[in-house]
Amino acid sequence: MKSTNYKKTEKLLKEMVIYEKILEIREEENTRKLMDNINKAMECLTDLEKKIITDFYINNLTMYEISLEIQLTREYTSKVKTAAIRKMEHVLFGKDAA
């Protein structure tokens with residue numbers, strides 16, 4: 001026969017597992033919402049801007065590597081990236097985004 005303390009501990013552990021699962025589900029939902037918002041923001045970009053943002057943030061290429069691939073100067077590529085980020089900020093956070 002299980003002791004009262006053992007039953008309480010077992011119940012507490014079950015509650016902790018359930019709580020952890022709830023947190024995982026919330027995190028998945030938040031990640032899904034964040035990805036939806038980022039995809040929405042990406043829709044406002046030109047093909048060149050999308051490529052630069054994707055290569056830099058997803059594919060982890062340097063600005064130099066990207067500029068070689070798209071045959072533009074590193075400086076210009078960096079300016080395009082900055083402009084793309086500003087567009088995305090506007091979509092994600094509104095007009096007053098810094």
Worksheet item: Can you list the steps and then say if I66 with L72 is a side-chain contact (heavy atoms from CB on, under 4.5 Å)?
Response: CA-CA 9 Å; I66 297 167; L72 296 171; over 6 Å; no
Practice prompt. Look at the side-chain heavy atoms of Ile, Leu, Val, Met, Phe, Trp and Tyr, link any pair under 4.5 Å apart, and say whether F93 and V91 land in one connected group.
Written response: no
Discussion item. Salt bridge (Lys or Arg N to Asp or Glu O under 4.0 Å), that's the test. Do K51 and E69 meet it? Break it down for me.
Written reply: CA-CA 10 Å; K51 174 157 184 47; E69 186 177 329; 2.5 Å; yes
Discussion item. As a quick check of understanding, evaluate side-chain contact (heavy atoms from CB on, under 4.5 Å) for Y57 and K81, giving each step before the final call.
Written reply: CA-CA 10 Å; Y57 291 104; K81 180 183 81 99; 3.6 Å; yes
Response to the item:
Rounded to the nearest 0.5 Å, the CG atom of L48 sits from the NZ atom of K50 at a distance of 11.5 Å
Worksheet item: Would a hydrophobic clustering, with Ile, Leu, Val, Met, Phe, Trp and Tyr connected at side-chain separations under 4.5 Å, put L34 with I53?
Response: yes
Practice prompt. Give, for atom CD of E43 and atom CE of M88, the distance between the pair rounded to the nearest 0.5 Å.
Written response: 10.5 Å
Worksheet item: In terms of hydrophobic clustering (I, L, V, M, F, W, Y; side-chain heavy atoms under 4.5 Å; direct or indirect links), are I85 and L61 co-clustered?
Response: yes
Worksheet item: Would a 4.5 Å heavy-atom cut-off, applied to side chains only, mark R86 and E89 as touching?
Response: yes
Practice prompt. Could you tell me the separation between the NZ atom of K79 and the OG1 atom of T77, rounded to the nearest 0.5 Å?
Written response: 11.0 Å
Item to complete: Considering only NZ, NE, NH1 and NH2 on the basic side and carboxylate oxygens on the acidic side, decide whether E24 and K21 come within less than 4.0 Å.
Response: yes
Worksheet item: Do side-chain atoms of S78 reach the backbone of E75 as a donor and acceptor pair under 3.5 angstrom?
Response: no
Worksheet entry | Contact check, side chains of T62 and E65, non-hydrogen atoms, under 4.5 Å | yes
Practice prompt. Please name the pair of heavy atoms, one in M63 and one in F56, separated by the smallest distance, quoted to 0.1 Å.
Written response: SD-CD1, 3.5 Å
Worksheet item: Is the shortest heavy-atom distance from the side chain of I70 to the side chain of D55 under 4.5 Å?
Response: no
Worksheet item: M42 and I52: same hydrophobic cluster, using ILVMFWY side-chain contacts below 4.5 Å?
Response: yes
Fill in: Spacing of I38 atom CD1 and T31 atom OG1 [to the nearest 0.5 Å]
9.5 Å
Worksheet item: Hey, is R26 close enough to E29 for a salt bridge, meaning N to O under 4.0 Å?
Response: no
